[in-house]
Every structure is written in C-alpha cells, then in structure tokens.
Protein chains: 2
Amino acid sequence: MVTLTEVARRARVTAATVSNVLRNREKVRPETAERVLSAIRELGYRPNLNARALAEGRSSTLALMLGNIANPFYPEFVLAAERAARRAGYFLMVCNTDDDAETGRAYLTQVAGTLAEGVIVLNTDIEINELCASAAIGAPIVLSLWEHPESPPGLPCVAVDFARAGALAATHLLELGHRNIGMLVGDGCGGLQDARANGFREVMRAARIEPDAAAVLQIRDTIDAGYEACIQLMSNTPGLTAIFATNDLLAIGAMQALASLGRQVPEDVSVIGITDIQLAHQVRPALTTVAINTSSIAGLSIDLLIQLMEKGRVDASPPMLQGPPPNLMVRQSTCPPRRAG
Amino acid sequence: MVTLTEVARRARVTAATVSNVLRNREKVRPETAERVLSAIRELGYRPNLNARALAEGRSSTLALMLGNIANPFYPEFVLAAERAARRAGYFLMVCNTDDDAETGRAYLTQVAGTLAEGVIVLNTDIEINELCASAAIGAPIVLSLWEHPESPPGLPCVAVDFARAGALAATHLLELGHRNIGMLVGDGCGGLQDARANGFREVMRAARIEPDAAAVLQIRDTIDAGYEACIQLMSNTPGLTAIFATNDLLAIGAMQALASLGRQVPEDVSVIGITDIQLAHQVRPALTTVAINTSSIAGLSIDLLIQLMEKGRVDASPPMLQGPPPNLMVRQSTCPPRRAG
DNA sequence: ATGAAAGCGCTAACAC
DNA sequence: GTGTTAGCGCTTTCAT
C-alpha cells in the first residue's frame with residue numbers, strides 16, 4: 001500500500017503539503033503541486049479512507065437499516081439512496097436486520113458514529129425511544145417513511161402522507177361506483193399500516209359506507225400473504241366488487257388469488273394498492289395504485305441526514321420533512337363494478 | 001464519544017489491558033477484567049472501528065459491487081451475502097454502479113483495500129484484466145456468478161454451470177414433446193448470457209433440432225424487454241409452442257406478452273426460464289425454471305473472499321469454486337404442446 | 001508556501 | 001498480569 005508519506009518523499013515535500021494538494025490546493029505553489037500530483041500518479045497512490053476518517057473524526061459512509069432487502073419495495077429505495085449518497089460523496093452500507101430487533105440494535109451500536117457517520121432507518125422493530133437513545137450517543141439517525149405526519153416521532157424523519165394515499169384509493173373506488181369493498185391491511189415490520197387503512201376508512205365513512213368487519217384482513221407484507229388473505233376474504237364476503245390493499249405486494253397477491261378463483265380483474269373485482277413499486281406496472285393486468293415516489297423520499301432522507309451531520313448536534317424539536325404528495329396511478333386493475341349501483 | 005483510554009482510566013488500568021479484555025481475555029486476571037467490563041458498561045463505551053481498522057491494517061467491511069440493485073435478481077443475492085458476511089463478523093457495503101464502468105472503477109479505487117477489506121463483483125462492464133490490476137494493488141476480488149466454468153477468468157471466482165442450466169431447460173421441453181421453440185437471450189451487463197443459450201442449443205442440436213434464426217432474440221434483462229421481445233418473436237414465428245428465456249425476468253415478460261396476445265400459458269405456449277428468483281413462483285401461472293440457488297452462491301462467494309483475505313496474497317492460479325448444480329423446478333408454465341409431435 | 005509536530009483511537013510488541 | 005512504547009496513515013495547527 002502506497003502511503004501519503006511515500007508520495008511526499010518522492011515529491012520531496014512533506015506529508016502536510018501532499019495533504020494540502022489533496023484538499024486546499026490554493027496554499028501550495030503550482031509547480032510544487034504538479035510535482036506532488038505526478039508522484040501520486042507514478043506511485044498509484046490512493047488515500048486510506050480509514051486513516052482519514054480517524055484523523056478527521058468523521059467517516060464518509062452512511063448506513064441504511066432495513067428489515068429485509070428481499071422485499072421488492074426496498075431495492076428501489078436502496079438504489080435511490082445509494083445514488084443520492086454517492087452524489088454527495090458518501091458510501092452506503094446496507095444493514096439488513098432480518099426483521100430482528102436484536103440484529104438491528106447490534107448494527108446500531110457497532111456502526112453508528114464509527115463506520116457510519118449517520119444512519120437512515122426504515123420501519124423497524126426497534127422502539128423509537130431506543131433509536132433516540134442511540135442517536136444521542138452515536139450518529140444522527142433519520143427515520144424514513146414515517147407514516148404519521150401528524151405526530152412527529154421525536155427523531156428527525158421524512159414523513160409520507162399515507163392517510164392521503166388511502167383516501168385517494170377510496171375516492172377512486174367510490175367514483176367508479178364500488179360499494180362493497182374489502183381491505184387487506186399489511187403489517188410491515190414496525191407495525192400495522194393503519195394510517196393507510198384509516199385514511200381509506202375515513203373517506204368511506206364520509207360516503208356513509210361502513211366496511212364489514214369480515215372484509216378486513218391483517219397480514220404480513222408479501223405477495224403470498226396477499227394471495228392467501230384474498231382467498232379467505234372472498235370466501236368470507238363473496239359479494240365484494242373491489243379490494244383495497246395497503247401495499248402493492250398484497251394487491252398483486254390478491255389479483256393472483258382472484259385469477260385462481262376464476263374472477264376477472266377488474267371486471268369482476270377491482271384491485272388497488274399503494275406504493276407503485278416497479279412490479280405494479282409489470283404485472284398483468286397492470287395494477288392501479290397510489291404512488292408515493294420512493295426515489296424522491298429516499299433522496300430527501302439522505303439529504304436530511306447529511307444536513308444533520310454537517311450541522312452538528314440535536315435540536316430541541318427534530319425536523320420532520322414531508323415526502324411528496326401521493327399520486328393516483330390509474331392502470332388496468334380497476335373499473336366500474338358489473339352492475340354499477 | 002467514549003474512548004478506550006477513558007475506560008482504562010475509569011478502571012484504573014491502561015489502554016493495553018482494556019484492549020486485552022476486548023480480545024484475548026486469557027491474559028488478564030478475572031477481577032481486573034470485571035473492573036474493565038463494568039467501566040465499559042457504565043461509560044457506554046463502543047469501540048471505534050475505524051481506529052481499529054487503521055491499527056490492525058485491515059477493516060471489517062466487505063463490498064459488493066453490482067450493476068443495479070433494482071434488478072429483482074440482486075436483492076436475493078445481497079440478502080444472502082449480507083447474512084454470510086454478518087455471520088463472519090463483517091459488514092457489507094453495497095456499491096451500485098448504475099451499469100456504468102466509470103462508476104465501478106471509482107468504487108474500486110476508493111473502496112478496495114481501505115474501507116473494504118475485500119470485494120465481490122457481480123457481472124460488470126469492467127474488463128477482467130482491469131479487475132486483476134485492481135486486485136493486485138487493492139484488496140482481494142472475487143468474481144461471482146462466473147458463467148464459464150470451463151475457462152477460469154484469472155481471478156478468484158465462483159462459477160455457475162449455466163450451460164447445464166440451459167441444457168436442463170432444453171431437455172425438459174424436448175421431453176414434453178416441443179419441437180418449435182423460441183429463445184430469448186438476455187444481455188446481463190457484462191455480456192450476453194450465451195453460456196445458457198449454448199447449453200440449450202447443444203441439447204437441441206443433439207436432438208436434431210436447429211432453431212430458426214428468427215426465433216432467437218437478444219435483449220436487455222428486464223420484464224419489459226422480455227415482453228416486447230416476445231411479442232416480436234411470436235410475430236416472426238407464430239408457430240412456436242414453447243419459449244426458453246435465459247433468465248426469469250425475460251420469461252415473466254414473455255408470459256405477459258403471450259397473455260396479451262390471447263395465447264394461454266402453458267396450453268398454447270410453454271415458457272421456461274433460468275434462475276428461480278422469488279417472483280418465479282409468485283406469478284401466475286407459476287414459472288417453470290432452472291434454479292441456480294442464488295443464496296448458496298452468495299454464501300460461497302463471501303466464504304471464498306474471506307478465506308482469501310485471511311490467507312494473504314495472490315496464488316499463481318486463482319481458485320475457482322463451483323456453485324451448486326442447477327436444478328429444474330417444474331411448475332405451471334410448461335406442459336406438452338397441443339398436438340404432441 | 002512549506003515544514004515540524006502532535007494527535008485521532010486503537011493494537012501489538014516488549015518490558016517489567 | 002499489567003504497563004510502556006511505538007506506530008497505523010492521515011489532518012491540522014503552528015512555526016518558519
């Protein structure tokens with residue numbers, strides 16, 4: 001490994017000068033800089049980022065903690081986050097907790113403040129106050145995809161108006177004329193997706209439609225779970241003309257279940273989800289869904305995190321950014337019910 | 001930030017002793033160790049991994065370089081790799097090149113040997129000899145998912161017998177009685193998936209079936225590309241009774257295309273892929289495919305990398321591990337052709 | 001504009 | 001067993 005000192009020796013200057021060339025540039029005479037630069041080139045010098053981090057007291061990597069990257073929602077977030085981080089000169093470490101709080105805690109104590117200069121946490125099993133405690137001793141933590149814009153978590157966060165997303169879905173179904181609607185409510189780790197469900201219910205209630213209890217199912221957040229739940233839902237309440245799922249994975253599972261029950265989507269039963277993951281437009285029929293714009297949320301989260309890192313320590317009331325407003329994407333999985341009521 | 005020295009002061013020992021408690025354990029008297037341990041607890045000490053890396057001359061993070069994590073194949077690999085790394089006491093940094101060689105190079109020079117103690121590279125645009133050069137000056141590099149078991153790349157690697165995977169797919173279709181078969185050949189970055197295609201062709205040739213040139217399409221590696229290509233394929237050669245795709249994404253796109261053309265899968269046209277990504281069993285009809293066991297390949301790759309790191313430097317002939325043999329997964333997307341010939 | 005020196009937090013000889 | 005010392009590769013005052 002070629003070190004800064006070796007470069008210095010070769011260029012017949014001292015380490016400090018090389019360091020200056022690498023950063024300030026101004027304070028070093030052009031011809032000296034040139035000598036240093038060629039020494040760097042000739043020796044193939046690459047700075048040791050660990051040493052730099054130690055000396056500067058800050059590292060250039062960020063951590064992203066999530067439950068399980070195999071959930072198709074996450075890769076899109078990771079992609080956007082990594083890009084934003086890279087653009088800002090940071091690396092991104094992915095911390096997969098396997099939906100296990102203990103693993104999450106271990107990551108937090110090991111990584112935050114040493115390897116990673118800041119961390120973004122996506123819905124996790126770890127309690128908020130635990131996260132706060134961790135943020136107090138370690139590095140800044142940004143909670144992303146916070147589902148409750150109305151109540152700040154006590155941690156810097158990026159909130160998404162999922163209630164509004166649910167409401168948009170409800171409005172869409174109502175406008176199409178649906179009255180018998182079933183709900184699939186996902187249980188993303190870190191708790192039920194109830195903001196979405198409540199936003200949906202509120203619009204329904206305003207239209208004087210009270211969903212049948214049998215028409216609500218709470219389940220894990222996968223295609224397979226959506227499939228199973230939908231089968232059960234349709235057997236509980238066969239008269240449904242539409243299904244609202246709190247996320248696209250469930251909605252896709254539901255579409256498959258309906259197909260296997262011999263029910264046409266959307267003619268027999270409409271299906272709508274939330275998120276707009278890539279898969280949503282790749283599936284047939286293409287899924288109508290409420291997009292939350294994952295990429296821009298990821299970008300916002302990284303930006304907020306970096307801002308916090310640069311600013312220094314905690315505020316009395318941590319900032320809460322709003323993600324972009326949810327956006328209805330009408331595709332092929334919804335249409336008016338057979339006999340419009 | 002609480003430092004080792006502060007812990008030492010509190011426990012009324014010296015830094016070396018604390019360090020010993022943290023590692024050797026044996027050489028320190030139990031009661032002293034106890035004092036140190038409580039000091040650690042009371043102060044909430046957490047070791048600075050950067051400082052440790054600098055002092056030890058080796059870090060505890062690994063890097064995984066890939067084209068674009070939004071490709072549904074990668075998350076499964078990342079998940080398994082992260083787990084294997086974690087089990088071995090390493091962290092995993094994800095380096096997304098956005099399918100851009102320049103970005104990949106930048107990552108390699110910045111990360112390899114400083115932040116990351118070793119790196120795993122998945123099919124990338126960077127030339128092999130460039131990787132070799134990089135491995136020579138930086139950290140060990142393991143090439144994973146190498147598609148040509150018969151010719152070692154000159155870099156440690158984990159090879160997968162994709163030709164055999166193609167052959168298994170061919171055999172399956174032949175046994176079902178198919179004779180008119182179209183091919184969708186993907187272009188994963190880093191080159192055409194031709195080992196798979198050739199394995200397939202060889203079996204066909206042995207059965208005296210020469211595929212029509214019009215029945216082979218080469219395309220990008222996404223569902224959408226598979227969709228488009230399949231539409232074109234069926235219009236070129238409408239008589240096809242089966243389609244072989246070199247990966248599941250293409251196969252899934254093909255199934256959707258067939259559906260939109262009003263052709264039943266598998267009754268009118270059978271479809272088979274390679275890989276067995278999660279999605280393969282989640283689509284309807286569930287996709288028949290040849291599984292390569294991504295998780296175990298990822299695990300092998302990490303293990304090999306760690307082994308290389310611990311052993312020290314390069315061998316004359318770098319090791320090539322074989323991934324597990326591919327495995328036919330018969331599901332619902334294949335059946336005998338309508339009029340078995 | 002450049003050099004000298006101290007120190008980031010930790011590890012690893014080696015001495016006691 | 002425990003302390004002393006030096007040093008990992010870099011940055012950053014502070015002199016010159």
Side-chain angles (χ1 to χ4, degrees), chain A residues 1-37 39-40 43-61 109-117 137-139, chain B residues 1-37 39-40 43-61 109-117 137-139:
Chain A
M1 149 160 278
V2 183
T3 72
L4 207 170
T5 320
E6 297 174 312
V7 173
R9 188 161 34 227
R10 179 91 130 109
R12 305 203 283 115
V13 294
T14 163
T17 304
V18 178
S19 183
N20 277 333
V21 172
L22 259 37
R23 348 194 112 279
N24 297 322
R25 304 214 121 227
E26 277 94 63
K27 42 182 347 190
V28 43
R29 200 187 327 140
E31 52 222 54
T32 320
E34 199 35 67
R35 255 194 2 264
V36 171
L37 256 10
I40 288 179
L43 263 33
Y45 166 75
R46 305 172 312 146
N48 181 325
L49 266 23
N50 265 312
R52 180 176 289 177
L54 182 58
E56 284 184 327
R58 42 179 249 92
S59 91
S60 56
T61 110
T109 65
Q110 288 183 108
V111 161
T114 61
L115 289 189
E117 197 52 24
I137 58 170
Chain B
M1 148 159 279
V2 183
T3 73
L4 207 171
T5 321
E6 295 175 312
V7 172
R9 189 159 33 228
R10 180 91 130 105
R12 303 201 285 114
V13 294
T14 163
T17 303
V18 178
S19 184
N20 277 332
V21 172
L22 259 36
R23 352 193 108 277
N24 298 319
R25 304 213 123 228
E26 278 92 63
K27 44 182 347 189
V28 44
R29 200 189 325 140
E31 50 221 56
T32 321
E34 199 35 69
R35 258 200 351 269
V36 171
L37 256 10
I40 288 179
L43 263 33
Y45 166 75
R46 304 172 314 145
N48 182 326
L49 266 22
N50 266 313
R52 181 176 289 178
L54 182 58
E56 284 185 328
R58 41 179 248 93
S59 91
S60 55
T61 110
T109 66
Q110 288 182 108
V111 160
T114 60
L115 289 189
E117 198 52 24
I137 58 169

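A quick note: this is a predicted structure, and the numbers were derived from the prediction, not measured.
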By nearest nucleotide on DNA chain D, pick out whichever of A:Leu4 and A:Lys27 is the more 5' one.
A:Leu4
Could you tell me whether the side chain of A:Asn50 and the main chain of B:Thr114 form a donor-acceptor pair under 3.5 Å?
yes
Just verifying a value: how many Å separate B:Lys27 NZ and B:Asn20 CG, rounded to the nearest 0.5 Å?
5.0 Å
Enumerate the residues from residues 6-19 of chain A whose closest heavy atom to DNA chain D is under 4.0 Å, giving them by residue number; use none for an empty result.
A:Ala16, A:Ser19
Least distance between heavy atoms, A:Val18 atom then A:Val13 atom:
CG2-CG2, 3.9 Å
If I take atom CG in residue A:Asn48 and atom C1' in nucleotide C:dC8, what distance separates them, rounded to the nearest angstrom?
13 Å
Span of DNA chain D in contact with chain A (heavy atoms, under 4.0 Å):
D:dG9 to D:dT12
Supply the atom-to-atom distance A:Met1 CE to A:Arg46 CZ, rounded to the nearest 0.5 angstrom.
6.0 Å
Rounded to the nearest angstrom, tell me the gap between atom CE in B:Met1 and atom C1' in C:dG9.
8 Å
Go through it in stages, so that I can follow the logic: the residues are B:Thr17 and B:Arg35, the test is side chain to side chain contact (heavy atoms under 4.5 Å, CB included), and I'd like the CA-CA distance, side-chain angles, deciding distance and then a yes or no.
CA-CA 11 Å; B:Thr17 303; B:Arg35 258 200 351 269; over 6 Å; no
B:Asn50 CG - C:dC10 C1' separation (whole Å):
11 Å
Of B:Ala33 and A:Arg23, the one whose nearest nucleotide on DNA chain D sits closer to the 5' end is B:Ala33
Integer-rounded Å distance: C:dA12 C1' and B:Leu54 CG
14 Å
State the OG1-CD1 distance between A:Thr109 and A:Ile137, to the nearest 0.5 angstrom.
8.0 Å
Is there a side-chain contact between A:Thr32 and the phosphate of C:dT2, meaning an N or O under 4.0 Å from OP1 or OP2?
yes
Exercise: identify the closest heavy-atom pair between B:Val2 and B:Leu43:
CG2-O, 3.3 Å
Nearest atoms (heavy-atom pairs only) where A:Ser59 meets A:Ala53
CA-CB, 3.8 Å
